Undergrad: 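Sharing a structure with you now.
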Amino acid sequence: MDTATAGLTFRDATDADVDALVELIESAYRGDSSRVGWTTEADILEGQRTDPEGVLAVVKSPDSRLLTVERDGRVIACCQLEHRGDHAYFGMFAVSPELQGGGLGKVIISEAERAARESWGVREMHMTVISVREDLIAWYERRGYRRTGRMTPFPYGDERFGIPQRDDLQFELLVKELV
């Protein structure tokens with residue numbers, strides 16, 4: 001076992017995890033703490049990435065799982081899996097900034113794909129990524145996801161998703177066949 005996977009525990013989040021998960025997600029994407037890692041959105045979005053209500057809604061949804069990853073009793077990563085008929089949706093992916101770049105993300109996305117396939121029998125994983133995040137999209141492409149060119153608008157004016165610092169944000173659908 002390599003250092004990226006040593007001592008990892010995967011489990012579904014509970015209500016008691018909400019505060020730790022909000023803190024993790026915020027640290028991975030917003031503010032100066034996020035700049036330690038490479039997944040930061042601090043240059044394109046300010047404000048919050050999520051809130052306790054949003055995380056709790058995922059935890060409570062009968063069609064979702066918030067896969068939580070711990071090492072030594074500390075939450076270090078998470079991702080949302082949502083069953084959507086013939087496919088699963090992958091979202092809310094966060095790895096603690098100081099642990100990014102060491103292979104942990106690859107392990108987690110692989111486990112998420114396995115869990116979605118086994119739990120729901122789905123054959124595809126879908127996700128949306130802000131289209132200007134070329135480095136992140138390239139990372140997902142190396143994991144087998146393909147760009148579809150299908151875009152959805154960014155929710156400008158809804159500060160629950162952050163405060164945009166540019167006017168060209170939109171989400172692109174990425175898809176991977178799970179075989």
Side-chain angles (χ1 to χ4, degrees), residues 1-29 33-34 36-41 49-50 54-130 133 135-148 171-179:
M1 185 177 289
D2 64 31
T3 56
T5 59
L8 296 182
T9 301
F10 290 86
R11 63 176 178 80
D12 287 341
T14 67
D15 297 16
D17 296 313
V18 169
D19 290 342
L21 290 166
V22 170
E23 184 179 327
L24 168 70
I25 294 163
E26 293 298 314
S27 74
Y29 290 98
S33 67
S34 69
V36 172
W38 68 274
T39 62
T40 183
E41 295 172 344
R49 179 64 154 39
T50 191
V55 172
L56 187 60
V58 173
V59 170
K60 294 288 195 192
S61 171
D63 294 325
S64 281
R65 299 174 63 187
L66 190 50
L67 191 61
T68 301
V69 185
E70 290 181 325
R71 179 182 286 143
D72 300 325
R74 182 176 152 245
V75 174
I76 60 167
C78 68
C79 64
Q80 173 192 11
L81 296 172
E82 184 176 326
H83 187 201
R84 295 184 177 177
D86 63 347
H87 70 275
Y89 178 80
F90 179 85
M92 216 176 272
F93 187 26
V95 174
S96 185
E98 69 271 9
L99 299 175
Q100 293 177 16
L104 190 56
K106 294 176 196 173
V107 171
I108 294 165
I109 198 166
S110 179
E111 173 61 17
E113 292 164 356
R114 184 201 64 74
R117 208 172 34 248
E118 287 187 9
S119 297
W120 300 315
V122 295
R123 301 188 50 85
E124 283 188 341
M125 185 78 86
H126 292 196
M127 72 173 70
T128 55
V129 178
I130 297 173
R133 297 289 318 276
D135 54 343
L136 186 57
I137 291 171
W139 188 86
Y140 284 122
E141 286 178 314
R142 291 191 298 276
R143 311 278 91 67
Y145 287 80
R146 64 178 172 76
R147 298 181 86 156
T148 64
F171 295 104
E172 182 171 3
L173 176 67
L174 305 183
V175 175
K176 178 178 181 178
E177 289 193 32
L178 304 177
V179 286

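All of these numbers come straight from a predicted model, not from anything done at the bench. The residues of the chain are indexed from 1 along the displayed sequence.
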Undergrad: Closest approach of Glu172 and Thr148, non-hydrogen atoms and distance?
TA: OE2-N, 3.4 Å
Undergrad: Drop me the distance from Cys78's SG to Glu70's CD, to the nearest 0.5 angstrom.
TA: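 If we round to the nearest 0.5 Å, Cys78:SG and Glu70:CD are 11.5 Å apart.
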Undergrad: Where is the tightest heavy-atom contact between Leu24 and Val95, given as atom of each residue plus distance?
TA: CD1-C, 4.1 Å
Undergrad: Calculate, to the nearest 0.5 Å, the distance between atoms CZ and CG belonging to Phe90 and Leu174 respectively.
TA: 11.0 Å
Undergrad: Could you grab the distance from atom CG of Leu21 to atom CG of Leu66, nearest 0.5 Å is fine?
TA: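 Rounded to the nearest 0.5 Å, the CG-CG separation comes out at 5.5 Å.
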Undergrad: If every non-hydrogen atom of His83 is compared with every non-hydrogen atom of Val122, which pair is closest and at what distance?
TA: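 What the structure gives for the nearest pair is CD2-CG1, 3.8 Å.
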Undergrad: Using salt bridge (charged side-chain N to carboxylate O under 4.0 Å, His left out) as the criterion, list what pairs up with Arg84, not counting sequence neighbours.
TA: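 Checked Arg84 against salt bridge (charged side-chain N to carboxylate O under 4.0 Å, His left out); matches are Glu82.
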Undergrad: Are Met125 and Tyr145 close enough that some pair of their side-chain heavy atoms sits under 4.5 Å apart?
TA: yes
Undergrad: Please tell me if the side chains of Thr9 and Val69 come closer than 4.5 Å, counting only heavy atoms from C-beta onward.
TA: no
Undergrad: Is there a side-chain contact between Met127 and Ile109 (heavy atoms, below 4.5 Å)?
TA: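 Yes, at least one pair of side-chain atoms sits under 4.5 Å.
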Undergrad: Around atom CD of Glu23, are there more than 12 heavy atoms from other residues, nucleotides or ligands closer than 6.0 Å?
TA: no
Undergrad: Do you know which two heavy atoms are closest between Trp120 and Leu81, and how far apart they sit?
TA: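 Nearest heavy atoms, Trp120 then Leu81: CH2-O, 3.6 Å.
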Undergrad: Rounded to the nearest 0.5 Å, how far apart are CD1 of Ile76 and CD1 of Ile108?
TA: 6.5 Å
Undergrad: What is the distance from atom OG1 of Thr39 to atom CD of Gln100, rounded to the nearest 0.5 Å?
TA: 3.5 Å
Undergrad: Classify the angle between the aromatic ring planes of His126 and His87 as parallel (below 30°), tilted (30 to 60°) or perpendicular (above 60°).
TA: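 Correct class here is parallel.
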Undergrad: Run Phe10 and Thr68 through side-chain contact (heavy atoms from CB on, under 4.5 Å) and show every step you take.
TA: CA-CA 6 Å; Phe10 290 86; Thr68 301; over 6 Å; no
Undergrad: side-chain hydrogen bond (donor to acceptor under 3.5 Å, both in side chains) with Thr40: which of Ser33, Ser27, Ser34?
TA: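 Going through Ser33, Ser27, Ser34 one by one, the side-chain hydrogen bond (donor to acceptor under 3.5 Å, both in side chains) with Thr40 is satisfied by Ser34 alone.
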Undergrad: Which heavy atom of Ala20 sits nearest a heavy atom of Val75, and at what distance?
TA: CB-CG2, 4.4 Å
Undergrad: With no hydrogens and no angle check, do the side chains of Tyr89 and Ser64 hold a donor and an acceptor under 3.5 Å apart?
TA: no
Undergrad: Taking the side chain as C-beta and beyond, is there a heavy-atom pair between Leu136 and Phe93 under 4.5 Å?
TA: no
Undergrad: Go through the steps to decide whether Lys106 and Arg142 satisfy the test side-chain contact (heavy atoms from CB on, under 4.5 Å), and finish with yes or no.
TA: CA-CA 10 Å; Lys106 294 176 196 173; Arg142 291 191 298 276; over 6 Å; no
Undergrad: Which donor-acceptor pairs under 3.5 Å do the side chains of residues 54-61 make with protein atoms, sequence neighbours left out?
TA:
unit_1: Lys60; atom_1: NZ; unit_2: Asp15; atom_2: OD1; d: 3.2
unit_1: Lys60; atom_1: NZ; unit_2: Asp15; atom_2: OD2; d: 2.9
unit_1: Ser61; atom_1: OG; unit_2: Asp63; atom_2: N; d: 3.3

Undergrad: Just verifying a value: how many Å separate Arg49 CZ and Met92 CE, rounded to the nearest 0.5 Å?
TA: 8.0 Å
Undergrad: Can you confirm whether Glu141 is buried at CD, in the sense that more than 12 heavy atoms of other residues, nucleotides or ligands lie under 6.0 Å from that atom?
TA: yes
Undergrad: Glu118 vs Arg65, test: salt bridge (charged side-chain N to carboxylate O under 4.0 Å, His left out). Steps then yes/no.
TA: CA-CA 13 Å; Glu118 287 187 9; Arg65 299 174 63 187; over 6 Å; no
Undergrad: Can you sort out the partners of Arg123 under salt bridge (charged side-chain N to carboxylate O under 4.0 Å, His left out), two or more places apart, ordered by chain and number?
TA: none
